[in-house]
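Sequence lines set the chain letters: A, B, ... in the order given, protein chains first and strands last, and positions in each chain run from 1.
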Amino acid sequence: MDFSYEWHVMTPEFSILMTIILIGILDVLLPKKIDRKWFGWLAVGGTFLSFGLFLTLLPLDRTSILFDTFIFDSFAKGFKFILLFGGTLLLLLAVGSKKEQGMEKYEMEFYVLLLTALFGGMMITSSNDLITLFIGLELVSVSSYVLVGMNKWSKKTNRAALTFLMNGSLATAITLFGMSYLYGIAGTTQLQTFLQHFSEVSNPATRYLYIIGFCFLFIGLSFKWTTMPFSLWAPDVYEGAQTIVTAFLSAFSKIIGLIMFFRLIFTVFSETVLDQHVMFSIFQNSLLILALLSMTFGNMMAIGQRNVKRLLAYSSIAHGGYMLAGIASFSAHSMEAVTYYFLVYSLITIGAFTIVSYITDGNEADEQTFTGLFKTTPLLAISLTIFFISLAGLPPTAGFIGKWKLLISIIDGGSPIHYVTAIGMIGMTIVSYAYYFRIMASMYFQYPNKEEKFSVRLPLVILLFLCIAVTFLIGLLPNFGTPTWI
Amino acid sequence: MNGEVIFFVLFSLGAIIGAVFVLVFRKAVYALLSAVLTFVSMSGLYILLTAEFVAGVQLLIYSGAITILMLFAIMLTKQKTGTTRKRMIRFQWPVIIPIVLLMIIIFYGIHKVTPPRKPVSYGKNNTEQIGELIFTQYMIPFEMISVLLLAALIGAIILAKKENT
């Protein structure tokens, strides 16, 4: 057996891991009086290092180590880029925003958990094996359970954490059940071998079991990315958690669930198999219907919400619907469109939550807080407007191009149900204007309840500048957003 | 009907009955003890499949460690003996319909499948083979589990730590 593996393709992950260990050890060794706040900068430094190492790896072709349990291919490149970018922004947000009461003691734990989640997500993007996929998913889930429940003094947070833990572990069990079926039939956990087995199956009974397995897998995973029938936990959890954690949940862990599913679909139903199987078209149609349902549900429910975090939670259910439709369309453009949309979505969600966390400062995110924001702090009002316009999908921003690409890829699918989904998407986008513009109107045309200036914090300014700049850059020059290495 | 079938029936009945009793019993300790019945029967099933390592792990971890841990949790927390049961049941019974449907769907799938007959060498150094696989082919997931445990450990410390505020 040849034991010389190309370990250097794992260096981005290793540097994240080293940062985790370093922060943990420093927290034990340093005296009590030293401020733990700069651990955040250390974590940001770790992600920068990882990002740099990742950029040096880009010229590599498809590299795999240890029997495909870790691969570095175009898929991994594209999504690792998004995850690292989003992770860095999230860490900046965590450094800059004020923690809730009593959370100052847990600086180290907070950053370590964010980094472990990032690590899990990066492993998911580049794994070609069911076991690695599952453990990566669990890593993200366990980190996010703890992150949600960290503020244990608040009753609301405790309820949110318990809801999240119950739903999440149920989802994990269902996912694993589906995986056990797939493993039981194919006799392997490697996705490549799995694909071969899958394309050779002729026995209808075996195929039936495959469908059962995939259904369970899909149901379990759709808890994680919160699309329609399995998304009812999301608003409570998003509202109860701290704003930074809400940003993490809606921009990061949601995308990771989708990436995992995309990896499975991308490998197992690759184009050679696609034409021969009726099964996939049945599966695809039900996915599109679910996507349509969650667009409708998310946008309709968001209209009535007065709490901005809750509103953004419903809007993220709707966005999950858009992205799922993009994945399920499975046309020639879907890879490009979905990658672009993931990037844009995580960017603008983190941006919007940055401002929410800025303004609410650990208090309730009621819509009242936003009235007359333009009169007190015009800069924040304008940036929030840019993010909302981008979320709503209007031109010069990246959100428009993202929706456009998704629509093209859905229409490209070509069957009636694809057209219905595309029309539904356009309709629901128009519905979503109702609540985005309501908040914007109250920001610009009403007088503030109390005169209050918001102080400027350096990390948040950097973060906002980055988000806005990239939103406009890839909105005006879309080719920057679809990296050529994919 | 040979011995294997008899033991299979016994163990699977034990597992199912234990699982049902977990739901039926209202007292937490009784429910836990019936969970132990399920765990032990499942480890019996593993032995029938000549997976003695998995059976041992199942016994040690599930019926040993986890049960004791949960007994401690029950002992150290206050038990509420509420009477919410009647209200719950009224809302619960429609759940039967999807459960039965799901059972029919899955059963229909399973009973038609004939598993592919591949020559498999059972019972030859199982433990050794598992060890070899874990530390060669599945080394990356194995290492990832240690990170997972780290995250879970940190979480447990945060949530369980007593504050003097």
Which portion of B:L102 sits near chain A, non-hydrogen atoms under 4.5 angstrom:
side chain

Which atoms of B:F142 approach chain A - backbone, side chain, both or neither, heavy atom under 4.5 Å
neither

Check whether [X] reaches the backbone of [Y] with its side chain - one donor and one acceptor, N or O, closer than 3.5 Å.
X	Y	value
A:R159	A:G240	no
A:T132	A:N128	no
A:D27	A:I23	no
B:N126	B:F53	no
A:S50	A:G46	no
A:Y183	A:L130	no
A:N151	A:T157	no

Any non-hydrogen side-chain atom of B:I16 less than 4.5 Å from a side-chain atom of B:L13?
no

If we only count heavy atoms from C-beta on, is the B:I110 to B:I106 side-chain gap below 4.5 Å?
yes

Report, by ascending residue number, the residues of residues 114-124 of chain A in heavy-atom contact with chain B at a distance under 4.5 Å; give 'none' if the set is empty.
A:T116, A:F119, A:M123

I'd like to know if A:D129 pairs up with A:R263 as an ion pair, taking the criterion as any Lys NZ or Arg NE/NH1/NH2 lying under 4.0 Å from an Asp or Glu carboxylate oxygen.
no

Could you look at [X] and say if it's the side chain, the backbone, both or neither that has a heavy atom under 4.5 Å from chain B?
X	result
A:Y181	side chain
A:L133	neither
A:L209	side chain
A:L139	both
A:I20	side chain

Leading residue by heavy atom contact count with chain B [cutoff under 4.5 Å; candidates A:E13, A:M108, A:E109, A:M10]:
A:E109

